[in-house]
J.: 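Attaching a single structure in structure tokens format; questions to follow.
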Amino acid sequence: MLYIASDHGGFALKEQLKVWILATAGRVTDLGPETLVPDDDYPDYAKKVGLKVSKQPENDFGILICRSGQGVCIAANKFRGVRAGLVWNTKEAKASRNDDHTNILCLPSDYITFKQAQGIVKIWLETPWSKDSRHVRRIRK
């Protein structure tokens with residue numbers, strides 16, 4: 001399953017991505033917010049996605065969005081089995097999946113456009129983990 005959530009700072013981008021993901025990948029579960037909540041807090045949404053992904057970290061994935069991407073990334077990485085990565089471009093998207101086996105993608109809404117986000121999400125979803133011995137060793141550490 002693919003989960004998506006954001007705080008108020010990432011709400012507009014989340015809504016755009018959700019529609020696009022449903023049209024292209026056909027599956028995404030929105031964990032909030034349903035409407036813009038100007039004074040909400042990013043840890044609340046990172047927790048929702050982090051808890052879901054931590055139940056099946058090898059099979060489930062998440063996308064979290066806030067203004068910088070930093071806050072949701074820090075909060076999501078507190079959950080066992082979660083490997084959240086802040087990604088700004090398609091090159092990082094590929095490396096974060098291939099090398100680092102990320103299962104939550106964190107996006108900075110203030111620094112990327114919707115078109116850039118589409119490219120990042122597409123590459124991130126399509127890139128498998130390499131399972132190269134050096135990457136496996138590093139993940140285990």
J.: Check whether Leu17 and Ile104 end up in the same hydrophobic cluster, where Ile, Leu, Val, Met, Phe, Trp and Tyr are linked by side-chain heavy atoms less than 4.5 Å apart.
T.: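 Unlinked, Leu17 and Ile104 end up in two clusters.
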J.: Test of understanding: clusters of I, L, V, M, F, W, Y form through side-chain heavy atoms closer than 4.5 Å, transitively. Do Ile65 and Tyr3 belong to the same one?
T.: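 No, it is not one cluster - the side chains of Ile65 and Tyr3 are not joined through contacts under 4.5 Å.
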J.: Hey, does the side chain of Ser109 reach the backbone of Gly9 with a donor-acceptor pair shorter than 3.5 angstrom?
T.: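 Here the side-chain-to-backbone pair exists.
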J.: Closest heavy-atom contact between Cys66 and Tyr42?
T.: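 Scanning both residues, the minimum pair turns out to be CB-CB, 4.4 Å.
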J.: Donor-acceptor check, side chain of Thr102 to backbone of Ser96, threshold 3.5 angstrom: yes or no?
T.: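 Yes, because the side chain of Thr102 sits within donor-acceptor range (under 3.5 Å) of the backbone of Ser96.
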J.: Find the distance between CG (Leu13) and CD (Gln116) and round it off to the nearest 0.5 Å.
T.: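 Nearest 0.5 Å value for the CG-CD distance: 10.5 Å.
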J.: Please set out all donor-acceptor pairs under 3.5 angstrom arising from side-chain atoms of residues 84-95, sequence neighbours excluded.
T.:
residue : atom : partner : partner atom : Å
Asn89   : OD1  : Lys91   : N            : 3.1
Asn89   : OD1  : Glu92   : N            : 2.8
Glu92   : OE1  : Trp88   : N            : 2.6

J.: Between Asp7 and Arg67, is the closest basic N to carboxylate O distance under 4.0 Å?
T.: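 Between Asp7 and Arg67 there is no salt bridge, as every charged N stays at least 4.0 Å from the carboxylate O atoms.
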J.: Given 3.5 Å as the limit, does a donor-acceptor pair link the side chain of Asn103 with the main chain of Pro57, or not?
T.: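 Yes.
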J.: Is it true that a side-chain atom of Ser68 and a backbone atom of Gln70 form a donor plus acceptor pair closer than 3.5 Å?
T.: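 Checked: pair present.
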J.: Taking NZ, NE, NH1 and NH2 as the nitrogens, is one of them in Arg83 or Glu58 under 4.0 Å from a carboxylate oxygen of the other?
T.: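 Salt bridge: yes.
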J.: Transitively linked via ILVMFWY side-chain contacts under 4.5 Å: Leu51 with Leu64?
T.: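 Leu51 clusters together with Leu64.
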J.: Do the rings of Trp129 and His101 sit parallel, tilted or perpendicular, given the 30° and 60° boundaries?
T.: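 Judged by the thresholds at 30° and 60°, the geometry between Trp129 and His101 is parallel.
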J.: Any donor and acceptor pair, going by atom type alone, linking the side chain of Lys55 with main-chain N or O of Gly50 inside 3.5 Å?
T.: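 Not at all, since once roles are kept as given, no pair shorter than 3.5 Å links the two residues.
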J.: Give a yes or no on whether the backbone of Thr127 and the side-chain of Arg97 come within a donor-acceptor separation of less than 3.5 Å.
T.: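 Yes, because the side chain of Arg97 sits within donor-acceptor range (under 3.5 Å) of the backbone of Thr127.
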J.: Look at the side chain of Asp30 and the backbone N and O of Gly32, then say whether any donor-acceptor pair between them is shorter than 3.5 Å.
T.: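 Yes: the side chain of Asp30 pairs with the backbone of Gly32.
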